[in-house]
Amino acid sequence: MSHDDHALPLKGSTYGPQYAGWTPTAFAMQGLGNRALLDQFVDVGDGVGLHADVYLPKVEGRYPAVVCFAGYSTEGHTAGLPSGTNEIGSPPVFTDRGYCPVVVERRGMGRSTGEQVVFFDPQDVDDHEKVIAWAAEQPWCNGDVVLFGTSYYGMVQPLVAARRPQALRAFFAHELCTDFYRHLVAFGGVPGLIFLNLWMGANFTQEKYDERMSEGRRALISHVTNGMLHPLLEKIVHKNVGRLFASFMSAMPVEAVRRMYVNWVFDGKTRETSTIPEGSTGMLGQIDVPFVAVQNLGHFNVHQFGTYDLFENTGTPDDQKWMIVGPAQYDLPVYEWQGEALAFFDYVLRGTENGYEGQPHVRYWVDGAGEFGTGSAFPPLDGTPTRLYLASTGEDEDLHRLALEPATESANTWVAVPLGLPVIGGLDDVAVQSLGFEISFDRDVRLAGAVTANLRFSCNEIDSFVMARLSRIDAEGDRHHLSMGAIRPAAPTEDAPRSTRNEIAIDSGRRVPLVPGEPVTLRFSLTPGPTHVKPGEKLRLDIASRSDLLRLDPSQGYGHYDLPVPPYLCRNTVHMGNCSWIEVTEIPLSAPPV
């Protein structure tokens, strides 16, 4: 179905950060407008047709296609509604610059036909590959295809890029996982229960499968959501995110999705027993096309390490890949980085001299400095690992120290209460649920790269849960969240072949019950959190057993989802001396801080 030239056009938006510390000096094309070619069907064989909405410049011609392969019904995506799956950018922004977004629904979803298989199944990758070939052959396409999108739309890109489709020229992936078992369904050794509840309840009810929205209604809504009211709508969403999440968690997904959930949460305790495909982590070396990968520092237990895995292990030549570690963002819809993507596509596809060739291959947002650091790798190659040892100052409830030298042997404890269980009032007055450690600096210190915790730990139960949070405390005493990490003490075994320079991969399928009172060593990664600590400021480490005691939420710009741990009421102990420390990566200051 073709767009009526007299119909109300979609209104585009570039809300949120668009460029990582630079501004393009030229555009290949601009001002081309937009029109829609809706309800196209891509024949992928076996009588299955995938539904696609295509958006084209209003100016006739042949342009590159931008394929967005969805795991969802896309009925409301282009309306600018604050949905957690509205992560394809804004099609009018792309068409105006001479690109053609192709938004396609996976088989069995929305208007697509066929039987739905498990998410990320090789059948989906086959279909994705056929969509790329189909787009390249259309009369409005010049034969070049690129990929774009966030989260699910980013996670599928390396999977198909490893197939090396003939028409694929580049991809731009925002917030992705490469190891779906470790990064998505078994984070820190426990099922991602609450995230899965939210994700599945929000997107895979029968109502979502049956949802239909007319082109005119989408366009009309977009003029409200993408207009001057957008910042206000964002504030309203953030303020009411708890209520929104509660509604998602009470919804009932369709039976096929519920069956996936049962396996991922209850039965799939190892890679071998989980039905979720492994992901792209083992095939990254087969990718050879240029790409940009963007990581959001606001995520903790979703999309936390895939970008680093992709950038480190892909087969793409070093001079043809870029990584951006952006500031913490939680915006719906996701409109960030469209400008960066278009500049990248202009440079790769059209040879536009817009300054992209001169951009550092790694750019990372530095908390406390308000700027992007740069380098050729991450962690930066000139970084120096620095260990900060945990040191007790006395009672559990005291504020303890981080020290540059090993501390004397001592121990402190905290109690673990399973999420959702009631406790008596005033518990924290007699038994703390977290420990805090600080170190102050008398000089400027810049940190960027891997953050590693090594804790000597014991418990009076056979299992517990340990979470660590690193923060910067500014001169006014305000906390700035930097990074988080977690581990299940009964599943601490490192999976060395899957580890990267930024992540210690843990094989959570190997479980060994704790011996009550007997110490073990827990070594695990926190998410990278680049920061600049000024004289008089502090680094603070907090340790607890529940994510809700340490996390932030979307209203503060963070995508943190609670984990259903710890499993037991118990007391945990951290043993200090030379065996408990946190390691950060200090990099040289290239110039005096501004």
Side-chain angles (χ1 to χ4, degrees), residues 8-24 27 30-34 36 53 55 66 68 70 72 74-97 99 101 103 148-154 172-176 202 213 217-241 244 292 294-299 303 324-346 363 365 370 372 552-559:
L8 184 70
L10 283 171
K11 183 174 179 60
S13 176
T14 53
Y15 189 79
Q18 296 298 316
Y19 301 104
W22 73 298
T23 302
F27 301 109
Q30 57 184 325
L32 302 186
N34 75 88
D53 286 335
Y55 300 88
V66 183
C68 303
Y72 317 106
T74 61
E75 292 294 318
H77 276 26
T78 54
L81 294 169
S83 160
T85 61
N86 197 339
E87 298 167 324
I88 60 169
S90 183
V93 174
F94 285 83
T95 62
D96 198 60
R97 295 279 297 276
Y99 293 89
V103 185
F148 178 81
T150 297
S151 191
Y152 195 105
Y153 295 94
F172 192 102
H174 181 210
E175 298 179 23
L176 70 150
M213 185 180 294
R217 186 182 176 199
R218 291 185 214 173
L220 181 61
I221 293 173
S222 75
H223 281 258
V224 177
T225 57
N226 293 340
M228 295 178 63
L229 291 177
H230 186 95
L232 176 61
L233 292 174
E234 286 285 354
K235 290 180 180 178
I236 293 173
V237 170
H238 285 174
K239 185 177 180 179
N240 293 280
V241 72
L244 187 67
V292 177
V294 184
Q295 171 61 19
N296 182 345
L297 287 170
H299 283 292
H303 312 316
I324 298 168
V325 183
Q329 286 290 130
Y330 191 89
D331 289 330
L332 301 174
V334 181
Y335 288 147
E336 297 98 64
W337 308 115
Q338 295 176 94
E340 186 83 33
L342 286 165
F344 168 65
F345 294 149
D346 275 355
R363 286 165 282 169
W365 182 254
F372 282 94
L552 300 178
D553 61 47
S555 67
Q556 299 163 294
Y558 290 81

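Note that the structure is predicted; figures quoted are calculated from it, not measured.
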Quick one: does [X]'s side chain have a donor or acceptor within less than 3.5 Å of a partner on [Y]'s backbone?
X: Glu175; Y: Ser151; value: no
X: His77; Y: Thr85; value: yes
X: Thr225; Y: Ala79; value: yes

Any donor-acceptor N or O pair under 3.5 Å, side chains Tyr99, Asp346: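 There is such a pair between these side chains.
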Nearest heavy atoms of [X] and [Y], plus distance in Å:
X: Ser90; Y: Gly12; value: OG-CA, 3.1 Å
X: Tyr558; Y: Leu297; value: CE2-O, 4.2 Å
X: Pro92; Y: Leu10; value: CG-CB, 3.6 Å

Contacts of type ring-ring contact (aromatic ring centres under 6.0 Å, His included), residue His303, not counting sequence neighbours: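 Testing His303 for ring-ring contact (aromatic ring centres under 6.0 Å, His included), a comparison that skips the adjacent residues, returns His299.
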Pairs flagged by salt bridge (Lys or Arg N to Asp or Glu O under 4.0 Å) wherever residues 221-237 is involved - sequence neighbours left out: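 Not a single pair qualifies under salt bridge (Lys or Arg N to Asp or Glu O under 4.0 Å).
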Which value, rounded to the nearest 0.5 Å, describes the distance between [X] atom [atom1] and [Y] atom [atom2]?
X: Leu81; Y: Leu233; atom1: CG; atom2: CG; value: 9.5 Å
X: Thr74; Y: Tyr153; atom1: OG1; atom2: OH; value: 6.0 Å
X: Gln338; Y: Phe345; atom1: CD; atom2: CZ; value: 11.0 Å
X: Phe148; Y: Leu342; atom1: CZ; atom2: CG; value: 7.5 Å
X: Phe172; Y: Ile324; atom1: CZ; atom2: CD1; value: 5.0 Å

Are the side chains of [X] and [Y] in touch, meaning some heavy atoms are under 4.5 Å apart?
X: Arg218; Y: Asp53; result: yes
X: Thr95; Y: Pro101; result: yes
X: Pro333; Y: Tyr15; result: no
X: Asn34; Y: Tyr55; result: no
X: Phe372; Y: Pro327; result: yes
X: Ile88; Y: Thr78; result: yes

Residue pairs passing the side-chain hydrogen bond (donor to acceptor under 3.5 Å, both in side chains) test where at least one lies in residues 327-337, sequence neighbours excluded: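 Every side-chain hydrogen bond (donor to acceptor under 3.5 Å, both in side chains) pair that includes a residue of residues 327-337, provided the two are not neighbours, is Asn226-Tyr335, Gln329-Asp331.
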Step-by-step side chain to side chain contact (heavy atoms under 4.5 Å, CB included) determination, Met213 to Ile221: CA-CA 11 Å; Met213 185 180 294; Ile221 293 173; 4.3 Å; yes
